[in-house]
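Heads up, the thing below is written out as structure tokens.
Chain identifiers are assigned alphabetically (A, B, ...) following the order of the sequence lines, protein sequences preceding nucleic acid strands; residue numbering begins at 1 within each chain. Only a predicted model underlies this, so the values are computations on that prediction, with no experimental measurement involved. Any value given below was found using the heavy atoms of this structure, including those in side chains, with hydrogens, waters and symmetry copies removed.
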Amino acid sequence: MTFAGYAAIVLSIGVWTFVTSRHTRWMSLSDAIVALTRRRSARILVVLGWVWLGWHLFARGSGAFK
Amino acid sequence: MNVRLGWRGSTIVVVGAVAAYSWIAAGLRPFTLGEEVLVAVPGLVCLAAAIWTPGSPQTGVAGASMRGSAAIWLVLVVAAAGWELTAYFSSPRSAHPTLSVIADNVMSVQPGRALVFALWLALGWILARGSQAMHA
């Protein structure tokens with residue numbers, strides 16, 4: 001059930017990415033990233049979240065070489 | 001000696017360097033100094049790039065179709081975050097895996113771990129450079 005939910009969300013994101021890439025007046029994935037990172041303060045916050053993700057997955061992750 | 005690389009040569013060098021770095025990082029275990037350094041270095045580089053990259057001005061008033069499509073992006077992000085939180089607060093974990101648990105399964109072997117590390121590096125550069133990464 002949980003996997004089905006993740007699959008549905010990933011599929012929706014993929015479909016929406018494709019649809020918006022075909023219409024210049026709609027916000028594409030790259031437009032969304034540009035809008036999200038337009039302000040320097042917002043960009044720094046987003047990058048800090050990205051740093052935390054990398055630390056969580058690689059420096060502190062438990063999945064390596066199980 | 002003056003060596004000049006074209007666009008294709010530069011791309012090959014960058015992709016090769018990212019792949020090599022990811023492979024080395026993927027070979028180290030969590031909770032070791034080496035892995036912490038290999039994660040911290042790109043983190044600091046991207047943070048510095050995010051600070052030094054200037055903000056970009058808004059390119060005009062967004063139309064209704066732009067606002068509507070942006071709202072759908074927001075709905076998708078909220079749905080993903082909500083589903084992750086639902087899994088996090090559910091048990092047993094085997095029946096309700098979080099994204100971290102799924103990622104751990106992919107990263108249990110070095111090639112999978114290296115691939116996820118390379119994707120993480122690419123995402124970081126895109127986020128740190130913003131519009132300049134998109135229009136490079």
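Heavy atoms only, all atoms of each residue included: R113(B) and F58(A) are closest at NH2-O, 3.2 Å. Contact record, A50(B) with V47(A): CB-CG2, 3.8 Å, taken as the closest heavy-atom pair. Closest non-hydrogen pair, W83(B) versus T2(A), comes out as NE1-O, 3.0 Å.
Criterion: ILVMFWY side-chain heavy atoms under 4.5 Å apart, direct or through other members. Under it, I9(A) and F89(B) are not part of a common hydrophobic cluster. Hydrophobic clustering, with ILVMFWY side chains joined whenever heavy atoms are under 4.5 angstrom apart, keeps L119(B) apart from W125(B). Under the 4.5 Å side-chain heavy-atom criterion for Ile, Leu, Val, Met, Phe, Trp and Tyr, V106(B) and W55(A) are members of the same hydrophobic cluster. Tracing side-chain contacts under 4.5 Å through hydrophobic residues (I, L, V, M, F, W, Y), one reaches V41(B) starting from V39(B); they form part of the same cluster. Both V46(A) and I51(B) are part of a single hydrophobic cluster, where members link through side-chain heavy atoms under 4.5 Å apart.
Contact of T17(A) with chain B is made through backbone and side chain together, with heavy-atom distances under 4.5 Å. Neither the backbone nor the side chain of R39(A) comes within less than 4.5 Å of any heavy atom in chain B. Heavy atoms of V116(B) lying under 4.5 Å from chain A belong to its backbone as well as its side chain. Residue contact with chain A, scored on non-hydrogen atoms closer than 4.5 Å, is absent for A25(B). Of the atoms belonging to Y6(A), heavy atoms from both backbone and side chain fall under 4.5 Å from chain B. Interface remark: A80(B) contributes backbone and side-chain atoms alike to the contact with chain A (heavy atom separation under 4.5 Å). Heavy atoms of H23(A) lying under 4.5 Å from chain B are absent altogether.
No donor-acceptor pair under 3.5 Å is formed between the side chain of R43(A) and the backbone N or O of L127(B). Not one N or O on the side chain of W50(A) forms a donor-acceptor pair closer than 3.5 Å with the backbone of L47(B).
With a 6.0 Å radius and a threshold of 12 heavy atoms from other residues, nucleotides or ligands, Y21(B) has its OH atom above the threshold. The environment of CZ in R25(A) is sparse: at most 12 heavy-atom neighbours from other residues, nucleotides or ligands sit within 6.0 Å.
In this structure, the separation between CG on L48(A) and SG on C46(B) is 11.5 Å, given to the nearest 0.5 Å. Residue L99(B) holds its CG atom at 9.5 Å from CG of L57(A), rounded to the nearest 0.5 Å. Here CD1 of I44(A) is found 9.5 Å from OG1 of T53(B). Values are rounded to the nearest 0.5 Å.
Counting heavy-atom pairs under 4.5 Å between each of P97(B), G68(B), G34(B) and chain A puts P97(B) at the top. Interface remark: of the candidates E36(B), E84(B), H96(B), E36(B) forms the most heavy-atom pairs closer than 4.5 Å to chain A.
Contact of the E35(B) side chain with the R60(A) side chain is not registered, since no non-hydrogen atoms from C-beta on lie closer than 4.5 Å. At least one side-chain heavy atom of T20(A) sits under 4.5 Å from a side-chain heavy atom of W73(B).
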